[in-house]
Amino acid sequence: MSRFKAVIFDLDGVITDTAHYHYLAWKELAESQGVHFDHEFNERLKGIDRMGSLDLILASAAHQRQYTPEEKLALADTKNKHYQELISTMSSKDLLPGAVEALDTVRRAGLRIGLASVSKNAFTVLERLGITDKFDYVVDAATIARGKPDPEIFLKAARELGVAPADCLGVEDAVAGVTAIKAAGMFALGIGHPFVLTEADVVITSLKEFNLAAY
Ligand code: BG6
Ligand code: MG
């Protein structure tokens, strides 16, 4: 039914719409620093870890003042607290259409299932969604040295699942994430728009269109 032996999913924006919550929390933080923040800017932050995202925001500030490491940590913490507030009421109703069906299809086909999210809140989100036990392996973002677009997180997931990268299908909504999948030597399924996710092997609008046999 599939030429792959494992499917490795991203979380935010693929399985659940936390990408929107990250957007809201970053927007408030950016504007508190006088930085204009819109959906176009947000696209560049998708898949980028917390401190990396903050650096991109501060680098685009008109005032260009230097922030101390302590100030940066405090700003990142403010954003994270806001984000955690936004996700605190999440439940299985926040699963994106087609997500559970896709996971169940992969399971029925006998493939291994991994999760590769650079979010340090990923375990909490999975718990709230009630889908933790659907994964054979979830990468702990705290153990990753280099975030996406580096392939490290996808390579770690493949290694822990005991599957060669070439036998893995990676699923991502972020430009940086698709780059990471391709750099890992995997097949990249993009969730979003083909003119944004130009490096992906195949792009679909949402997991509702997930068709394992077709890739
Ligand atoms: C990624 C999101 O999954 O996780 C990014 O796409 C986010 O927007 C990143 O910044 C880090 O998340 P967290 O929860 O560790 O701040
Ligand atoms: Mg994502």
Side-chain angles (χ1 to χ4, degrees), residues 7-30 35 37-59 72-88 90 94-96 98-99 102 114-129 131 135 138-154 156-157 170-182 184 186 188-193 196-197 199-200 203-207 210:
V7 181
I8 302 171
F9 291 87
D10 172 46
L11 175 66
D12 297 324
V14 170
I15 287 175
T16 181
D17 199 14
T18 34
H20 182 61
Y21 295 144
H22 280 296
Y23 165 78
L24 292 176
W26 279 130
K27 186 170 171 65
E28 189 170 294
L29 192 280
V35 177
F37 192 88
D38 55 17
H39 281 284
E40 198 184 327
F41 195 128
N42 188 57
E43 205 58 46
R44 288 170 48 206
L45 301 187
K46 283 187 183 171
I48 307 296
D49 65 21
R50 199 179 305 160
M51 295 312 285
S53 299
L54 179 65
D55 283 341
L56 285 172
I57 289 170
L58 297 181
K72 284 210 231 175
L73 277 177
L75 290 173
D77 199 46
T78 300
K79 183 269 174 179
N80 192 46
K81 291 224 165 75
H82 184 190
Y83 177 71
Q84 286 178 333
E85 227 174 87
L86 293 169
I87 62 172
S88 67
M90 282 179 78
D94 295 293
L95 283 156
L96 279 169
L115 189 98
S117 170
V118 297
S119 172
K120 297 197 168 75
N121 292 295
F123 289 105
T124 308
V125 172
L126 289 180
E127 281 297 315
R128 297 221 66 92
L129 295 171
I131 55 167
F135 295 88
V138 176
V139 180
D140 179 353
T143 66
I144 296 300
R146 295 171 304 277
K148 300 168 188 176
D150 192 281
E152 180 182 351
I153 192 164
F154 283 98
K156 175 156 193 191
V171 189
E172 260 291 349
D173 69 315
V175 174
V178 169
T179 304
I181 293 172
K182 293 314 296 173
M186 301 176 182
L189 176 64
I191 306 291
H193 303 285
V196 176
L197 304 175
E199 278 186 79
V203 180
I204 56 177
T205 316
S206 84
L207 283 179
F210 184 77

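This is a predicted model, so every value here is computed, not measured. Below, all heavy atoms of this structure are taken into account, side chains as well, without hydrogens, waters or symmetry copies. Just follow the structure's listing: the first ligand is 1, and inside any ligand the first atom is 1.
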Purely on distance, is any nitrogen or oxygen of Lys46 under 3.5 Å from one on ligand 1?
->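 Looking only at distances, the answer is no, because the N/O contact criterion of under 3.5 Å is not met.
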Do any nitrogen or oxygen atoms of Arg50 lie less than 3.5 angstrom from nitrogen or oxygen atoms of ligand 1?
-> yes
To the nearest 10 degrees, could you say what angle the Mg ion (ligand 2) makes with OD2 of Asp10 and OD1 of Asp173?
->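 It rounds to 90°.
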Ligand 1 versus [X]: contacting region, heavy-atom distance under 4.0 Å:
X      : value
Ser53  : side chain
Ile48  : backbone
Asp12  : side chain
Lys120 : both

Could you pull out, from Gly177, Ala176, Ala141, Ser119, the option with a heavy atom nearest to atom 12 (O) of ligand 1?
->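 Among Gly177, Ala176, Ala141, Ser119, the closest heavy atom to atom 12 (O) of ligand 1 comes from Ser119.
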Heavy-atom pair of closest approach, residues Leu207 and Val171 |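 Closest approach of Leu207 to Val171, heavy atoms only: CD2-CG1, 4.2 Å.
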Asn121 and Asp12: side-chain donor and acceptor closer than 3.5 Å?
->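 Distance-only check fails for Asn121 and Asp12.
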Would you say the side chains of Lys156 and Thr143 form a donor-acceptor pair under 3.5 Å?
->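 Yes, side-chain donor-acceptor contact under 3.5 Å.
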Phe9 vs Phe210 aromatic rings, parallel, tilted or perpendicular, using cut-offs 30° and 60°?
-> tilted
What class does the angle between the rings of His39 and Tyr23 fall in, given that below 30° is parallel, 30 to 60° is tilted and above 60° is perpendicular?
->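 Answer is parallel, since the angle falls under 30°.
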N/O/S from Asp12 sitting under 2.8 Å away from the Mg ion (ligand 2) | yes
Going by the order shown, which atoms of ligand 1 are within less than 4.0 Å of some heavy atom of [X]?
X      : result
Ser117 : 3 (O)
Gly47  : 2 (C), 5 (C), 6 (O)
Asn121 : 13 (P), 14 (O)

If only atom types and distance count, is the side chain of [X] paired as donor or acceptor with the main-chain N or O of [Y] below 3.5 Å?
X      : Y      : answer
Arg128 : Ser88  : yes
Glu152 : Ala145 : yes
Lys79  : Trp26  : no

May I ask you to identify the nearest protein heavy atom to atom 8 (O) of ligand 1, giving residue, atom name and distance to one decimal place in Å?
->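 For atom 8 (O) of ligand 1, the nearest protein heavy atom comes out as His22 CG, 3.6 Å.
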Decide, yes or no, whether a salt bridge links Lys120 with Asp49 under the criterion of side-chain N to carboxylate O below 4.0 Å.
-> no
